[in-house]
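The next block holds one structure in the form of structure tokens; read it before the comments.
When a residue number appears, it is its place in the shown sequence, counting from 1.
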Amino acid sequence: SILMPDMPRFLWWSGALPDNPVAQKIFGHLAEQCDRLMIDTGQMKEPSIDLVALSHLTLQEEQGAALGDLNWHRFARWRHLLAQTFDLPELRAQWRAIRRGTVEWAGQDSAVPVEVLLYLGWLASSLGWTVADVRPDGFDFVDRREQPVSFALLRRELSARGLVSIELATERAVIRLQPIDQSLESLVDGHSRLAVPRPHLELASVLESELGILTRNPSYEAALRVAERLAAASR
């Protein structure tokens with residue numbers, strides 16, 4: 001009764017998704033009343049279960065709230081930098097020829113972080129790859145030309161957590177994204193080509209950015225559907 005009809009309504013669900021029927025019912029009722037539902041997949045306790053639930057949520061016709069993910073925002077510049085790298089004239093056609101890659105991530109837990117699953121989900125959904133196989137140390141895809149694309153996962157035992165580096169090998173070049181000082185840098189065959197400022201990961205900064213968005217994000221939803229398949233298969 002206190003809701004104002006002409007004002008957008010946001011629900012920020014802090015913490016993991018509810019795992020009992022009562023909390024799930026409350027969550028669903030609140031989400032139906034909102035224009036935007038914000039969650040943080042970085043806080044998921046069971047990605048193989050929670051990613052499936054989130055993916056299913058985006059497919060429900062009665063779900064009117066646009067889904068936002070604070071974790072998706074945290075590594076936005078990793079996505080933007082890779083896209084900008086493939087905009088370079090000598091690489092513009094090379095995205096079709098990616099054959100293998102390596103994703104390095106930091107953490108004390110051996111479980112693959114959700115941001116790695118979402119990043120690979122974004123790549124796969126953007127480039128039209130399908131999941132072919134899930135290995136203990138990586139994932140295999142098939143591209144639109146039915147050529148194999150293999151990714152290795154490499155964990156670093158560091159106090160920080162999250163993405164450390166991303167390397168892609170095409171038929172003609174090796175592209176590597178990595179943090180350098182206060183920037184994220186893109187190297188092509190070992191030569192620095194592009195750099196962007198490292199993202200601000202403070203909660204207030206991430207939340208402020210998400211509050212400026214009201215519409216659904218098809219790119220995120222497509223990445224989520226691939227990520228949930230990777231998480232479920234690697235469980």
A side-chain contact here means heavy atoms from C-beta on lying under 4.5 Å apart; do [X] and [Y] qualify?
X	Y	value
Y119	P113	no
L70	L207	yes
M44	L54	yes

To the nearest 0.5 Å, tell me how far [X] [atom1] sits from [Y] [atom2].
X	Y	atom1	atom2	answer
L82	D87	CG	CG	10.0 Å
L17	D40	CG	CG	10.0 Å
R96	E171	CZ	CD	11.5 Å
L163	L177	CG	CG	9.5 Å
W105	L153	CH2	CG	8.0 Å
L11	H29	CG	NE2	11.0 Å

Can you name the nearest heavy-atom pair linking [X] to [Y], along with the distance?
X	Y	value
D35	P8	OD2-CA, 3.2 Å
I98	F86	CD1-CZ, 3.9 Å
F10	E210	CE2-O, 4.2 Å
A65	C34	CB-O, 3.4 Å
S186	I175	OG-CG2, 4.3 Å
D189	A173	OD1-CA, 3.5 Å

Any donor-acceptor N/O pair, [X] side chain to [Y] backbone, under 3.5 Å:
X	Y	value
D181	S183	no
S55	L51	no
S125	W122	yes

Do [X] and [Y] share a hydrophobic cluster (ILVMFWY, side-chain heavy atoms under 4.5 Å, transitive)?
X	Y	answer
I39	L203	no
L127	L88	yes
V131	V142	no
W12	L67	no
L194	V196	yes

For R135 and D140, run side-chain contact (heavy atoms from CB on, under 4.5 Å): C-alpha distance rounded to whole Å, both residues' side-chain angles, the deciding distance at 0.1 Å, then the answer.
CA-CA 8 Å; R135 297 175 279 106; D140 294 326; 3.1 Å; yes
Pair E104, S165 - check side chain to side chain donor-acceptor pair (under 3.5 Å), show working.
CA-CA 5 Å; E104 285 186 289; S165 72; 2.3 Å; yes
Ion pair check, [X] and [Y], cut-off under 4.0 Å:
X	Y	answer
R172	E90	no
D143	R99	yes
R74	E115	no

Is it the case that atom CD in Q33 sees more than 12 heavy atoms from other parts of the structure closer than 6.0 Å?
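Enclosed: over 12 neighbouring heavy atoms sit under 6.0 Å from CD of Q33.
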Verify the neighbour count for atom CZ of R100: are there more than 12 heavy atoms of other residues, nucleotides or ligands below 6.0 Å?
no
Criterion side-chain contact (heavy atoms from CB on, under 4.5 Å) on D69 and V114, from CA distance to verdict:
CA-CA 11 Å; D69 184 353; V114 175; 5.5 Å; no
With side chain to side chain donor-acceptor pair (under 3.5 Å) as the test, would you mind laying out the steps for R176 and Q178 before giving the verdict?
CA-CA 6 Å; R176 182 177 175 85; Q178 63 185 24; 2.6 Å; yes
Could you please spell out the steps behind the side-chain contact (heavy atoms from CB on, under 4.5 Å) verdict for F151 and L168?
CA-CA 9 Å; F151 270 84; L168 302 175; 3.3 Å; yes
Hey, can you tell me if F141 and W129 have their rings parallel, tilted or perpendicular (30° and 60° cut-offs)?
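Geometry flag for W129 against F141: tilted rings.
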Apply the side chain to side chain contact (heavy atoms under 4.5 Å, CB included) test between F139 and each candidate in V103, V226, V149, V134; give the one that qualifies.
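Single pass found, and it is V134.
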Start with the C-alpha distance between F27 and L37, add both sets of side-chain angles, then the distance that settles side-chain contact (heavy atoms from CB on, under 4.5 Å), and finish with yes or no.
CA-CA 10 Å; F27 175 81; L37 167 62; 3.8 Å; yes
